[in-house]
There are 2 protein chains.
Amino acid sequence: MAAQARRHQRRNQVLSREQILDAAIELLDAGGEGALTVRALTERLATGSGAVYYHVGARDELLDAATETVITAALATGPSEEGATPEGQIRDVALALFDAIAEHRWLATRLTLQIVRNPAGPVTVRIFERIGRQVGALGVPRASWFQATSTLVHYILGAVSQHGRIDGDASGVGPDADREEFFDGTSTAWRELDPEDHPFLHAVVPQMREHDDREQFQSGIAIVLAGLTHLRQRIEGVPCTTY
Amino acid sequence: MAAQARRHQRRNQVLSREQILDAAIELLDAGGEGALTVRALTERLATGSGAVYYHVGARDELLDAATETVITAALATGPSEEGATPEGQIRDVALALFDAIAEHRWLATRLTLQIVRNPAGPVTVRIFERIGRQVGALGVPRASWFQATSTLVHYILGAVSQHGRIDGDASGVGPDADREEFFDGTSTAWRELDPEDHPFLHAVVPQMREHDDREQFQSGIAIVLAGLTHLRQRIEGVPCTTY
DNA sequence: ACCTGAACACCGTTCAAGT
DNA sequence: ACCTGAACACCGTTCAAGT
């Protein structure tokens with residue numbers, strides 16, 4: 001009764017775009033991309049397939065919209081501290097993406113797709129703008145801004161894509177159990193390789209077993225940032241003893 | 001007649017695993033992942049669907065096998081020069097992957113998937129072993145080998161994933177025309193954004209328009225390598241004036 | 001051992017029809 | 001304007017049957 005103000009709403013609109021997206025995200029979180037079928041969605045919403053097409057469009061657009069919703073929410077939390085360093089703010093953005101994908105595994109594939117196919121869309125724009133500004137603040141010369149930012153984004157996407165491991169199947173028996181099993185399998189497989197042909201993999205088995213994904217990700221960011229700083233200083237001729 | 005030596009071959013085997021994979025790769029190259037249907041494949045091979053399942057298994061295994069075939073071929077070309085530097089050899093591997101994906105766009109998605117889901121498979125093993133050895137030769141301390149190699153592989157995968165742009169649709173009107181159009185669209189879209197909210201994207205439009213993907217990729221590798229070297233030297237306490 | 005192809009259980013998408 | 005749901009044109013996969 002109170003909401004009679006909405007224009008052009010002749011009949012009672014029982015379904016909204018947000019409701020559809022929320023239901024879609026639930027299905028995706030529970031069972032991966034394969035679990036998001038139009039039929040499963042309409043059943044959950046107790047509606048017909050046409051309603052989904054009316055409100056959000058085809059399945060691909062539905063996936064894009066769900067991606068945009070989650071990424072926007074993940075990036076909404078501003079910089080963690082006043083006066084944080086540029087390095088810290090870049091790390092914050094990267095970790096926000098990392099954590100979003102940890103919570104929504106299907107995002108790994110979809111985020112890359114979105115950035116690749118829709119460079120003018122809000123997801124790509126927000127990520128590039130957030131990181132790019134800090135690259136400037138880092139002291140990278142203006143002519144290298146695009147190169148530097150692209151390198152950071154590429155690393156972040158590559159690293160973060162490794163965490164959408166379990167795909168089409170069910171929600172599974174808790175990520176920890178899966179994780180243990182996964183690393184056990186990998187390390188025994190690597191150990192069974194011919195040591196003559198694979199000295200590196202043999203040497204690295206213990207490190208692989210004990211590494212923490214999130215820590216490794218942060219170290220990776222630090223490495224890329226160190227590379228940017230190093231090359232900048234070579235370019236500008238600043239004596240390297242200043243850092 | 002000459003081949004009567006093959007054991008267990010009662011009847012004339014008219015179809016081989018390689019023939020199926022070759023036909024699959026042709027379909028993938030021509031029309032992307034969406035074009036590889038069991039029906040299209042069996043029509044091209046003039047056979048029944050059961051034959052495909054008999055020789056290579058389900059569609060997912062077919063895609064994995066095709067990926068393995070192409071990546072193995074791409075990595076088969078050895079180091080380009082005797083006595084090349086570790087940096088040069090890492091760049092060679094990276095460029096081999098870059099070029100393979102430029103030729104087979106569908107590889108972008110599938111290579112990441114393979115590395116993520118099948119760490120003990122030949123594709124992952126070969127890439128990690130090739131790069132990992134050079135990381136050692138680079139002087140990275142042994143305890144950081146896995147971290148350093150993972151960072152490189154993550155960057156390479158992330159960067160290289162950006163080049164499988166056109167997906168399900170047809171082979172298109174030549175990549176150059178597509179490319180021009182794509183960058184035109186992106187730059188006008190970025191220019192239309194509010195300059196107050198997006199100073200970085202506005203500043204970077206000309207760089208985006210003129211950049212060369214392959215060059216940018218090589219610079220990115222150089223940045224990551226610089227980061228590895230820099231951090232190594234900080235750890236080992238080598239005075240930074242030596243480089 | 002190798003291959004056929006009909007049959008099955010799904011898909012995404014459209015669209016005339018209803019309110 | 002908003003929604004329904006039958007109908008359509010596809011999928012991947014299986015499996016009894018053939019040679």
Side-chain angles (χ1 to χ4, degrees), chain A residues 3-24 27-28 30-67 106 109-110 113 167-170, chain B residues 3-24 27-28 30-67 106 109-110 113 167-170:
Chain A
Q4 51 106 278
R6 286 201 200 158
R7 277 173 246 187
H8 298 301
Q9 183 176 331
R10 304 241 183 103
R11 303 193 177 283
N12 44 341
Q13 179 176 338
V14 64
L15 208 59
S16 73
R17 192 182 145 91
E18 280 110 68
Q19 282 173 56
I20 296 175
L21 289 180
D22 285 347
L27 285 172
L28 287 165
E33 204 168 306
L36 180 66
T37 66
V38 177
R39 271 159 241 263
L41 189 60
T42 54
E43 194 180 359
R44 174 172 287 230
L45 292 167
T47 181
S49 58
V52 175
Y53 287 82
Y54 181 82
H55 283 288
V56 316
R59 197 186 108 106
D60 210 57
E61 301 167 61
L62 178 61
L63 253 345
D64 279 348
T67 303
W106 51 274
T109 306
R110 274 287 147 178
L113 255 182
D167 250 350
D169 67 313
Chain B
Q4 52 105 281
R6 286 201 198 158
R7 276 172 247 187
H8 298 298
Q9 183 176 331
R10 303 240 184 106
R11 305 193 176 283
N12 45 342
Q13 179 177 336
V14 64
L15 208 58
S16 74
R17 191 182 146 90
E18 282 110 64
Q19 281 173 54
I20 295 174
L21 290 180
D22 285 348
L27 284 173
L28 288 164
E33 203 167 308
L36 180 67
T37 67
V38 177
R39 272 159 241 261
L41 190 59
T42 54
E43 193 181 357
R44 172 171 288 229
L45 292 166
T47 181
S49 59
V52 174
Y53 287 82
Y54 181 81
H55 283 289
V56 316
R59 197 186 109 106
D60 210 57
E61 300 167 62
L62 178 60
L63 254 346
D64 279 348
T67 302
W106 52 274
T109 307
R110 274 287 147 178
L113 256 182
D167 251 348
D169 68 312

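Predicted model, so just to flag it, every value in this text is computed and none were measured. Side chains are part of it too, since the values below use all heavy atoms of this structure and drop only hydrogens, waters and symmetry mates. Letters A, B, ... mirror the listed sequences (proteins, then strands); counts begin at 1.
Heavy-atom distances under 4.0 Å link DNA chain C to no residue of residues 16-24 of chain B.
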Any protein N or O atoms within reach of nucleotides 14-16 of chain D? Criterion: under 3.5 Å, listing atom names and distances.
{"unit_1": "D/dT14", "atom_1": "O4", "unit_2": "B/Ser49", "atom_2": "OG", "d": "2.9"}

Report all interatomic pairs (protein N or O, nucleotide N or O of nucleotides 8-11 of chain D) with separations under 3.5 Å.
{"unit_1": "D/dC11", "atom_1": "N4", "unit_2": "B/Arg39", "atom_2": "NH2", "d": "3.4"}

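The CZ atom of B/Arg59 lies 5.5 Å from the CG atom of B/Leu36; values are rounded to the nearest 0.5 Å.
B/Leu41 has its CG atom 13 Å from the P atom of C/dC3, to the nearest Å. Following rounding to the nearest Å, A/Glu43 (CD) and C/dG12 (P) show an atom-to-atom distance of 13 Å. Nucleotide C/dT13 holds its C1' atom 16 Å from the CG atom of A/Leu63, rounded to whole Å. Atom P of nucleotide D/dG12 and atom CG of B/Leu62 are separated by 10 Å, given to the nearest angstrom. Here D/dA1 presents its P atom at 17 Å from CG of A/Leu15, a figure rounded to the nearest Å. For B/Asp60 and D/dT13, the CG to C1' distance is 13 Å, given to the nearest whole Å.
With contacts defined as side-chain heavy-atom distances shorter than 4.5 Å, the pair B/Thr37/B/Leu27 does not qualify. Side-chain contact check for B/Glu61 versus B/Val56: every heavy-atom pair is 4.5 Å or farther apart.
Within the 3.5 Å criterion, the main-chain N or O of A/Trp106 finds no donor-acceptor partner in the side chain of A/Thr109.
Qualifying salt bridge (Lys or Arg N to Asp or Glu O under 4.0 Å) partners for A/Arg44, counting only residues two or more places apart in sequence or in other chains: A/Glu26. In this view, B/Arg110 and B/Glu33, B/Asp60, B/Asp64 satisfy the salt bridge (Lys or Arg N to Asp or Glu O under 4.0 Å) rule, not counting sequence neighbours.
Nearest heavy-atom pair across B/Ala40 and B/Ala35 is CB-O, 4.0 Å. B/Leu45 and B/Ala23 make their closest contact through CD2-CB, 3.9 Å (heavy atoms, listed as atom of the first residue, atom of the second, distance). Scanning both residues, B/Ala24 and B/Leu41, for their nearest heavy atoms gives N-CD1, 3.7 Å. Smallest separation of non-hydrogen atoms from A/Leu21 and A/Ala66: CD2-N, 4.0 Å.
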Passes side chain to side chain contact (heavy atoms under 4.5 Å, CB included), A/Ile20 versus A/Leu62? Steps please. CA-CA 9 Å; A/Ile20 296 175; A/Leu62 178 61; 4.1 Å; yes

Side chain to side chain contact (heavy atoms under 4.5 Å, CB included) assessment of A/Thr67 paired with A/Leu113: CA-CA 10 Å; A/Thr67 303; A/Leu113 255 182; over 6 Å; no

Writing each nucleotide of DNA chain D 5' to 3' as (, ), [, ], | or . by Watson-Crick or G-U pairing under 3.5 Å yields ||.|||||...|||||.||

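The local environment of CD in A/Glu43 is sparse, with at most 12 non-hydrogen atoms from other residues, nucleotides or ligands closer than 6.0 Å.
At a threshold of 4.0 angstrom between heavy atoms, the contacts of B/Ala40 with the nucleic acid are absent.
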